[in-house]
Amino acid sequence: MKRYRTHTCGELNRSHKKKQITLSGWINKKRDHGNLLFVDLRDNYGITQCVIDKSNEIFKQIEKIPLETVVKLIGVVVERSKETVNKNISTGEIEVKILNIDILGETKELPMPVFSDQEYSEEIRLKYRFLDLRRKKIHQNIILRSKVISFIRNEMQKVGFLEFQTPILTSSSPEGARDFLVPSRLNPGKFYALPQAPQQFKQLIMVSGFDKYFQIAPCFRDEDARADRSPGEFYQLDLEMSFVEQEDIFDVIETLFLKLFKKFSNKKILHEKFPRISFEDAMLKYGSDKPDLRNPLEISDLTSIFEREDVKFDIFKKLVKNGSIVRSLTTKNTKDKPRSFFDGIDKWAKEQGSSGLAYFTLEKEDKVSAKGPVGKFFSENSLLEIMKITKSSIGDTVFLSCGKKNDVEKILSIARNKIAEDLDLIDNDTFSFCWIIDYPMFEIDEITKKIKFSHNPFSMPQGELDKLDLINPLNLKAYQYDIVCNGIELSSGAIRNHVPELMYKLFEIAGYSKNDVDSKFSGMINALSYGAPPHGGIAPGIDRIVMLLANEKNIREVTMFPMNQNAQDLMMNAPSKVSDEQLKELNLNIKKNS
RNA sequence: GGGGGUGUAGCUCAGUUGGUUAGAGCACCUGCCUGUCACGCAGGGGGCCGAGGGUUCGAGUCCCUUCACUCCCGCCA
């Protein structure tokens, strides 16, 4: 006989009846009828109802055992009568008549209940994460995460990818996010950085001839948290392939994601061949490079309408003359919505810091007209043109935003989400994937007005390498792509620049001298000079994939031991002060008053 | 760094216009109850109303400051 258990709490059924068994687990819930006591015993695998009555001399003792005590009990499996079967649990056909019980682990009074589905404050959940993790929903989420990662590993290995580990202590890089730094004891005054991603290493793996690499890679970025962004650390399915073009990477990911999302979710997948949308189109039609394609609303450019003589909307016309643009969102068949609906959206837009959204609804009696506060400014011909551009019809409403391009894109992007939500246009039972492609290589930094890399400095520019227009670098597009699902950016990737001479030129445009590149990216630039294969890759975020599959809005719900928003681990008390001896060894002084 | 929300019993929350001794459910303790599965019933203990200051005859409630948690903006190649 095994010491702690013969079965788990999730496996007993009618076939075990009359058997004497041993179970170990936590007391999830008690229902005390005075002379009859039900005890729900829980472990990782499920819940088993155990029962004892006063005829047993240990009845009084068991009555007093608090919830969440760990016990071992010996009992006999009894089939339940039909009326008392519980269909909600896997063991609901039977119960266990308790013969004896041993307490294995006592509990203090609980800071939070485990059996309840109630929501609790993050503070208490994170401090007592080990209790929180016993709760059903998050327990299942973490198991899902484990299964997802195993599945990915297995699939990647099946198609010939090799899994490698890359260093955790590496060097700081000037591009990208803030680094986490680790002082070096043996090299006083010098620091390691934790990798923001194994970017240079995975390219070096390609130069080393391994052809296809992947890793479930921890990534560290010292930036502020969001609901879908852990402070500090997160995981990527990091992968890189040699001798490939963009579409080869897309194939690998589409195949993997279709299998993965079909296996772990029942939701529909909107397009099995993920649409490719250029960055430019995405910014025009959705105002964002991470569009939610479940949302049918689209944006159109109506700037030219406000250059017409027969349009009298003078405020917008004047702004357009001075370089502003006008874009619109059309909602289908909203003519019967109350005035308060439209004004509510305008008010909301103003709260978001924009100048608001003008709107009119298309009508037709004898001729086409526009109803609404600004409707009178539009001639019939201009309305017909608007209908053509926006693909709208009579009964639809056109919302207008006028301003600088960035501002218009921004407000219409969030208005698109807001209006779709208000009108309930989003099918929550769907995954909508798409690729955003053709990112510009460079962009203008709004603050410094200098040219900087818009995405990844190691990306390969598009076009014949000897004909690249380096004079007008803002026109350069890169083999750089994002994959988006339901409006969530899952990953960026790129075909890499494996030509050192070109790399120097591109970095020069972004303001890095040859010496800068040689010293900051020494490992990689050096390697590219010794026969580097064309290569590319991508790195989808594991946490966000699991969030989508678990239908969770917060990354902490799929992370076993997350930090809070201030990047503190309330359970382990990290970060913490260290001793003077430790500091001395590392040659560090802490500034006073800080 | 900036903006919003929340903070009352171990936990989840209610608390009216500023007015007696701050309530409920769960948990905990006592008692009753042999078919519950969020069991039920009766009773009990448990409160620096996040902290500090102010207004007032009187503050959980109004004002100021501050702290914690959270959401968002900035940031995240």
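Note: hydrogens, waters and symmetry copies are ignored here, and every other heavy atom, side chains too, is used. Order of the sequence lines sets the chain letters (A, B, ...), proteins ahead of strands, with each chain counted from 1.
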So A:E122, base contact, sugar-phosphate only, or nothing? Heavy-atom distance under 4.0 Å. sugar-phosphate
Ignoring hydrogens and angles, answer whether the base of B:G35 and the side-chain atoms of A:E95 contain a donor-acceptor pair closer than 3.5 Å. yes
Picking from B:C39, B:C72, B:C75, the nucleotide nearest the side-chain atoms of A:H33 would be B:C39
To check you understand the geometry: which heavy-atom pair defines the closest contact between A:D132 and A:I138, and what is its length? O-CG2, 3.1 Å
Which nucleotide in the list B:C37, B:U70, B:C28 gets nearest to the side chain of A:L67? B:C28
NA contact type, A:S116, heavy-atom cut-off 4.0 Å: base, sugar-phosphate, or nothing? nothing
Just to be sure I understand the rule, does A:D228 reach a base, reach only the sugar-phosphate, or reach nothing, if contact means heavy atoms closer than 4.0 Å? nothing
Where the side chain of A:R178 is concerned, which of B:A27, B:C75, B:G35 is the nearest nucleotide? B:C75
Charged N to carboxylate O below 4.0 Å: is that the case for A:E93 and A:R80? no
For A:Y213, is the NZ or CZ atom of A:K202 found under 6.0 angstrom from the centre of its six-membered ring and inside 45 degrees of the ring axis? no
Sticking with atom C1', work out how far B:C64 lies from B:A24, rounded to a whole angstrom. 33 Å
Hey, is A:R544 close enough to A:E489 for a salt bridge, meaning N to O under 4.0 Å? no
In terms of side-chain heavy atoms of A:E109, which of B:C69, B:A27, B:C39 is nearest? B:A27
Parallel under 30°, tilted from 30 to 60°, perpendicular over 60°: which one fits the rings of A:F507 and A:F458? tilted
When you compare B:G15 with B:G23, how far apart are their C1' atoms, in angstrom units rounded to a whole number? 7 Å
A:K127 has an atom NZ; how far is it from atom P of B:G10, in whole Å? 13 Å
Mind checking if A:Q49 touches a base, just sugar-phosphate, or nothing, with heavy atoms under 4.0 Å? base
Ring-face cation of A:K514 near A:Y504 (centre distance under 6.0 Å, axis angle within 45°): yes
Which part of the nucleic acid, if any, lies within contact of A:K452, taking any heavy atom under 4.0 Å across all strands shown: a base, the sugar-phosphate backbone alone, or nothing? nothing
Closest approach to the side chain of A:A177, judged atom by atom: which nucleotide of B:C75, B:C76, B:C72 is it? B:C76
Between A:Q199 and A:K60, name the one whose nearest nucleotide on RNA chain B is closer to the 5' end. A:K60
Can you tell me, in whole Å, how much space there is between the C1' of B:G1 and that of B:A59? 34 Å
Under 4.0 Å between a side-chain N/O of A:R31 and OP1 or OP2 of B:C39, yes or no? yes
Taking 4.0 angstrom as the limit, do A:D117 and A:K136 come out as a salt bridge? no
Over all strands shown, is A:R556 touching base, sugar-phosphate only, or nothing at heavy-atom distances under 4.0 angstrom? sugar-phosphate
Using the C1' atom as the point on both nucleotides, what is the distance between B:A42 and B:C37, in whole Å? 23 Å
Closest-nucleotide mapping onto RNA chain B: is A:N88 or A:N456 further toward the 5' terminus? I mean the 5' end. A:N88
Side-chain-base donor-acceptor pair under 3.5 Å for A:R226 and B:U70: no
Taking the same atom, P, in B:A14 and in B:G58, what whole-Å distance lies between them? 29 Å
Select base, sugar-phosphate, or nothing to describe what A:F458 touches, counting heavy atoms under 4.0 Å on all strands. nothing
Look at A:K29 and B:C39 and indicate whether a side-chain polar atom (N or O) is within less than 4.0 Å of OP1 or OP2. yes
With the criterion being N/O to N/O and under 3.5 Å, what pairs connect the protein with nucleotides 11-14 of chain B, and how long is each?
{"residue": "B:C11", "atom": "O4'", "partner": "A:P111", "partner atom": "O", "Å": "3.3"}
{"residue": "B:U12", "atom": "OP1", "partner": "A:S121", "partner atom": "N", "Å": "3.0"}
{"residue": "B:U12", "atom": "O2'", "partner": "A:Q118", "partner atom": "NE2", "Å": "2.7"}

Looking only at B:G74, B:C33, B:U36, the nucleotide nearest the A:E63 side chain is B:C33
When the C1' atoms of B:U16 and B:G52 are considered, how many whole Å apart are they? 28 Å
If I pick the P atom on B:C39 and the same atom on B:G25, what distance separates them, to the nearest angstrom? 16 Å
Using OP1 and OP2 only, check whether a side-chain N or O of A:N566 sits under 4.0 Å from B:C69. yes
Only one of A:F279, A:F250, A:Y439 passes ring pair (Phe, Tyr, Trp, His ring centres under 6.0 Å) with A:Y481, and that residue is A:F250
Answer with base, sugar-phosphate or nothing: what part of the nucleic acid does A:N564 contact at a heavy-atom distance below 4.0 Å? sugar-phosphate
Regarding A:E11 and A:T91, do their side chains bring together a donor and an acceptor under 3.5 Å, going by distance alone? no
Can you tell me the base-pairing partner of B:G1? Count Watson-Crick or G-U wobble geometry only, both distances below 3.5 Å, and say none if there is no partner. B:C73
Quick one: does A:R229 reach the base of B:C75 with a side-chain donor-acceptor pair under 3.5 Å? yes
The test is side-chain hydrogen bond (donor to acceptor under 3.5 Å, both in side chains); show your working for A:D518 and A:N515 and say whether it passes. CA-CA 5 Å; A:D518 284 340; A:N515 276 343; over 6 Å; no
Heavy atoms under 4.0 Å, any strand shown: does A:F453 hit a base, just sugar-phosphate, or nothing? sugar-phosphate
Winner on side-chain proximity to A:L570, out of B:C69, B:U36, B:C26, is B:C69
